[in-house]
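First comes the structure, then the notes that go with it.
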Amino acid sequence: MVHGWRSHPGIWNRLGPVLDDAAVPFWRFDYTAIQDDGTEPIALALQDFIREKRTETGYDGPIDIVCHSIGTCIARYLFEVLDGDAREEEVRLLVGIGPPNNGSALAGLFNDPDRGPEVIRSLTGVFVPEGYDPAEDTIVQEFRPGSRTVAALRAAGTRDDIDYRILLAANLTGTPAFFPAFGGRTWELAPGGGWRATCAGDGIVPHTDSCLPGAGVRILPADPANLARHPEQYCHIMLPRNPEVVARVREYLTASAGPAVRTPPRR
């Protein structure tokens, strides 16, 4: 499990017990101490973590990766950019929960001299700390649309030996309580340039940020009535703890497990 930007492994506290009940072993990668180092150093730390766990457990088969937000891109950077040609890391399934695969429109908006300050004020105490300065945030700078990091991911492309699944949320009913900071909407890059607000997102990551060729995509909630009961559970911050997300991840992991699944060949 790989947590997201300015997050921590505690976000998996709802998923962990469900996987325990399903007899699915898991490892939680923690990069809170090095989150200011940037994408490549964190990806290399993830690689070291996986190798240490393999040595510790004696397991040398393919692994599944469950990621939230930027954590998805860190895992992809390891498997596609750093290990893309060698394919030494055997991965069967990668699940991305609200991933900014094409760069983060919000990261770009943070850096907009006209609109950025107001957006940051709206998110202070909700998604960013008091006095937040995006210019000092390595990850935010690396995931601005069109950055070298995003370009490297796009150039590497996905791996044909990995099954990619993406879980996204949408404000299907347009309720402001979905993500009050932005009135229930999500900022995205408009086709002609500039910014626009959309309900096709989770408050932080719009669907246009997440699109990944060949990946299976699930838009939640399956039942729009869930937004009337618990709209806040579908915003970006809460997705890893959302019961519907937890159930889908369990389904993906248990469906891919077992002796009938063949290990992809190394290339």
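None of these values were measured; they are calculated from a predicted model.
In this structure, Arg51 and Glu88 have side chains that are in contact, with non-hydrogen atoms separated by less than 4.5 Å. Using a 4.5 Å cut-off on side-chain heavy atoms (C-beta onward), Ile237 and Asp202 make no contact. The side-chain heavy atoms of Ile65 and Phe79, taken from C-beta on, include a pair separated by under 4.5 Å. Considering only heavy atoms from C-beta on, Pro240 comes within 4.5 Å of Trp12 through its side chain. Between Val128 and Arg6 the shortest side-chain heavy-atom distance does not fall below 4.5 Å. Looking only at side-chain heavy atoms (C-beta outward), Phe179 and Leu123 come within less than 4.5 Å of each other. Under the 4.5 Å side-chain criterion, counting only non-hydrogen atoms from C-beta, His68 is not in contact with Val2. Residues Leu172 and Cys199 form no side-chain contact, since every pair of their non-hydrogen atoms from C-beta on lies 4.5 Å or further apart.
The closest side-chain donor-acceptor pair between Tyr252 and Asp64, if any, does not fall under 3.5 angstrom. The closest side-chain donor-acceptor pair between Ser69 and His236 falls under 3.5 angstrom. Counting only N and O atoms by type, the side chains of Thr39 and Glu142 include a donor and acceptor under 3.5 Å apart.
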Might you work through the salt bridge (charged side-chain N to carboxylate O under 4.0 Å, His left out) test for Asp30 and Arg28, ending with a clear yes or no?
CA-CA 6 Å; Asp30 181 359; Arg28 281 181 278 212; over 6 Å; no
side-chain contact (heavy atoms from CB on, under 4.5 Å) for Gln141 and Ile139? Distances and angles first, verdict last.
CA-CA 5 Å; Gln141 296 306 315; Ile139 290 291; over 6 Å; no
Determine, stepwise, if the pair Ile166 / Asn101 fulfils side-chain contact (heavy atoms from CB on, under 4.5 Å).
CA-CA 10 Å; Ile166 296 176; Asn101 287 313; 3.7 Å; yes
After noting the C-alpha distance and the side-chain angles of Leu106 and Val205, does the key distance pass the side-chain contact (heavy atoms from CB on, under 4.5 Å) rule?
CA-CA 7 Å; Leu106 189 60; Val205 178; over 6 Å; no
Starting from the C-alpha separation in whole Å, work towards a yes-or-no answer on side-chain contact (heavy atoms from CB on, under 4.5 Å) for Thr72 and Leu94.
CA-CA 8 Å; Thr72 308; Leu94 190 152; 3.8 Å; yes
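Atom CG in Asp209 sits 10.0 Å away from atom NE2 in His207 (nearest 0.5 Å). Here the CZ-CG distance, from Arg14 to Leu19, works out to 14.0 Å after rounding to the nearest 0.5 Å. We find the OG1-OH distance between Thr124 and Tyr132 to be 10.5 Å, quoted to the nearest 0.5 Å. Expressed to the nearest 0.5 Å, how far CD1 of Ile63 lies from CG of Asp60 amounts to 12.0 Å. Distance CZ/Arg144 to CG/Asp137: 11.5 Å, rounded to 0.5 Å. Rounding to the nearest 0.5 Å places CD1 of Ile97 at 13.0 Å from CZ of Arg248.
Ile162 is connected to Val66 through a chain of hydrophobic side-chain contacts under 4.5 Å among Ile, Leu, Val, Met, Phe, Trp and Tyr, so both are in one cluster. With hydrophobic clusters built from ILVMFWY side chains whose heavy atoms lie under 4.5 angstrom apart, Met238 does not share a cluster with Tyr234.
Nearest heavy-atom pair, Cys73 versus Pro100, reported as atom, atom and distance to 0.1 Å: SG-O, 3.4 Å. Residues Gly98 and Leu168 approach most closely at CA-CD2, 4.0 Å, considering heavy atoms. Residues Ser122 and Ala181 come closest through the heavy atom pair O-CB, 3.7 Å. When all heavy atoms of Pro113 and Pro117 are compared, the closest pair comes out as O-CD, 3.7 Å. Looking at every heavy atom in both residues, Phe182 comes nearest to Val119 through CZ-CG1, 3.9 Å. Minimum heavy-atom separation, Ile34 to Ala45: CD1-CB, 3.6 Å.
Checking side-chain atoms of Tyr164 against main-chain N and O of Arg159 turns up a donor-acceptor pair under 3.5 Å. Not a single donor-acceptor pair under 3.5 Å links the side chain of His230 to the backbone N or O of Glu232. Distance alone, capped at 3.5 Å, is enough to place a donor-acceptor pair between the Asn171 side chain and the Gly184 backbone. Using a distance-only test at 3.5 Å, with no hydrogens or angles considered, no donor-acceptor pair links the side chain of Asn111 to the main chain of Gly116. Checked by atom type and distance alone, the side chain of Tyr31 pairs as donor or acceptor with a backbone atom of Gly4 at under 3.5 Å. Under a 3.5 Å cut-off, the side chain of Ser7 and the backbone N or O of His3 do not form any donor-acceptor pair. Counting only distance, with no hydrogens or angles, the side chain of Asn242 and the backbone of Gln233 share a donor-acceptor pair below 3.5 Å.
Within a 6.0 Å radius of CZ in Arg250, no more than 12 heavy atoms belonging to other residues, nucleotides or ligands are found.
Sorted by first then second residue, the side-chain hydrogen bond (donor to acceptor under 3.5 Å, both in side chains) pairs that include residues 173-188, not counting sequence neighbours, are Glu188-Arg196, Glu188-Thr208.
A salt bridge does not link Arg87 to Asp85: none of the charged nitrogens lies less than 4.0 Å from a carboxylate oxygen.
A search for side-chain contact (heavy atoms from CB on, under 4.5 Å) contacts involving Arg229 returns Asp223, Ala225, Asn226, not counting sequence neighbours.
Ring centers of Trp5 and Phe127: under 6.0 Å apart, within the cut-off.
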